[in-house]
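Here's the structure we're looking at; comments come further down.
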Amino acid sequence: MIVLGIETSCDETAAAVVTDEGKILSNVVLSQIESHQPYGGIVPEVAARAHMETTDQVVAQAMNDAGIGFSGLSAVAATGGPGLIGGVIVGVMTAKAIALGQNIPFIAVNHLEGHALSAGLANSDVRFPYLLLLVSGGHCQLLVVKGVGEYRRLGTTIDDALGEAFDKTAKVLGLGYPGGPAIENWAKNGDNQRFSLPRPMKGRPGCDFSFSGLKAAVKRTVDDLPPGQLPEKDISDMAASFQQAAGECIIDRTNNAIAIFKQTHPSARHLVVAGGVAANKALRGELEKLASSHQMALVAPPPILCTDNGAMIAWAGLEKLKLGETSGLDFAPRPRWPLDPNAPKAVGAGIKA
Ligand code: KG4
Ligand code: ZN
């Protein structure tokens, strides 16, 4: 089976062709970063327009690189949500048109499920159930992945996502968008103990996260530094101090999640990290140590499969296709689409600092 996957839920227009054996025949990612940079963050209208202008070309490129014609496709998958709805509509409509034209199934994929299952594309040894830390620009969750479409959420952020905290910190430090890779780079030469920053939720029971207090503390601390252009040393030290504090929170909450996960799945061996922030090497290193202290192995997809891409959507589409789960052409794009519909709303969720 060969599936075309289309991803348009945020600021990347992406398409990829993947086989059911996990071979990536093509993987095209067109970033809109330059269009959003002047605003210091993603502007939904700008994103929607850019997806409209480029999705056809990105799909054509992916098909060309794969070296197969549309008639070689078994199905076409697209992110059906959650995400910026204008972009999601563009991807879904493109996929539906191809499905209709080729008379092949259309599969709407939950973007978070794309991230969640990307571990299986990167590493064929991963078996359900596994514990998943999903850290991206819009989400920060710990989930038990019992199987395709079967998720139990153990924790989520009650305010900001981790990627959002990286991006805001980078903005305060004048490092531009997206902030994650910039913070990681500047942190390499920084003193991670120089600035004393809070570790929200650390030491508390449960697996929920909170990053708005950390974000606010970064801003306050930087505002208190002498006015004018920040010296490079201050930027490095703040990037390192922030990354250290955020990392400690993640490790603390994941440690609690492992204990809960092991109660019901004592022989499960895999901790998976996915989503854009999973590209962060310092975080991966800490998670690796944590996993091995619990006789578990960390599985982290290569960075190109951590940030948004079409291959993870094609792969999730393939997993659903194997189960005979396809979508109707009347599927309506979803701005919200929780992986675990039974999870209660996190206490304090939605309150933005
Ligand atoms: O998964 P993703 O590409 O898009 C969403 O679904 O949100 O994640 C994007 C997020 C951004 O916040 C970006 O700053 C962050 O992932 N990110 C990183 C790194 N690379 C991307 N954060 C920390 N370190 C990185 N190396
Ligand atoms: Zn994503």
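Note that the structure is a prediction, hence the values are computed from the model and not measured. Starting from 1, each residue takes its place in the sequence as its number. Ligands are counted one by one from 1 in listed order, and the atoms in each one are counted from 1 as well.
Residue H115 touches ligand 1 through its side chain alone, judged by heavy-atom distances below 4.0 Å. When heavy-atom distances to ligand 1 are checked against a 4.0 Å cut-off, H111 comes that close only through its side chain, counted from C-beta outward.
For atom 7 (O) of ligand 1, the candidate residues are S31, G137, A165; the nearest heavy-atom contact is made by G137. Taking each of A14, G83, G276 in turn, the one with a heavy atom nearest to atom 17 (N) of ligand 1 proves to be G276. With distances taken over non-hydrogen atoms, the option nearest atom 11 (C) of ligand 1 out of I42, V135, D167 is D167. Comparing V277, T307, D11 by heavy-atom distance to atom 15 (C) of ligand 1, the nearest is V277.
Ring planes of W337 and F331: tilted class, angle from 30 to 60°.
Side chain to side chain, N123 and H270 fail the donor-acceptor criterion of an N or O pair below 3.5 Å. H51 and T13 share a side-chain donor-acceptor pair at under 3.5 Å. Checked by atom type, the side-chain pair N280/Q243 shows a donor-acceptor distance below 3.5 Å. No hydrogens or angles considered: nothing links the side chains of S236 and N189 as a donor-acceptor pair under 3.5 Å.
On a distance-only criterion, G275 and ligand 1 share no N/O pair closer than 3.5 Å. Backbone and side-chain nitrogen or oxygen atoms of E164 are examined, and none is located within less than 3.5 angstrom of a nitrogen or oxygen of ligand 1.
Note: Y130 and F261 fail the aromatic proximity criterion, with ring centroids not under 6.0 Å apart.
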Under 3.5 Å, which donor-acceptor pairs do the side chains of residues 61-73 form with other protein atoms, sequence neighbours left out?
from	atom 1	to	atom 2	distance (Å)
Q61	NE2	D65	OD1	2.9

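Ion pairing between a basic and an acidic side chain is recognised when a charged N comes within 4.0 Å of a carboxylate O; R153 and D340 show no such pairing. Ion pairing between a basic and an acidic side chain is recognised when a charged N comes within 4.0 Å of a carboxylate O; R49 and E45 show such pairing.
Heavy atoms of C10 come nearer than 4.0 angstrom to ligand 1 in no pair at all.
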Yes or no on salt bridge (charged side-chain N to carboxylate O under 4.0 Å, His left out) for K215 and D160, after CA distance, side-chain angles and deciding distance? CA-CA 9 Å; K215 173 187 78 181; D160 295 346; 2.9 Å; yes
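W315 does not carry K23 over the face of its six-membered ring by the limits of under 6.0 Å from the centre and within 45° of the normal.
In terms of protein heavy atoms, atom 24 (N) of ligand 1 is closest to N280 ND2, 3.0 Å. The nearest heavy-atom contact from the protein to atom 22 (N) of ligand 1 is G180 CA, 3.2 Å. Among protein heavy atoms, the minimum distance from atom 26 (N) of ligand 1 is reached at E184 OE1, 2.7 Å. Among all protein heavy atoms, the one lying closest to atom 3 (O) of ligand 1 is D308 N, 3.0 Å.
Enclosure of atom CZ in R284 by more than 12 non-hydrogen atoms of other residues, nucleotides or ligands within 6.0 angstrom is indicated.
Taken together through direct or relayed side-chain contacts under 4.5 Å among Ile, Leu, Val, Met, Phe, Trp and Tyr, L112 and L142 form parts of separate hydrophobic clusters.
Atoms of ligand 1 lying under 4.0 Å from any heavy atom of G138, numbered from 1 in the order shown and given with element: 7 (O). Listed by atom number, the atoms of ligand 1 under 4.0 Å from G163 heavy atoms are 12 (O).
Listing protein N, O or S atoms at distances below 2.8 Å from the Zn ion (ligand 2), with waters left out, gives H111 NE2, H115 NE2, D308 OD1.
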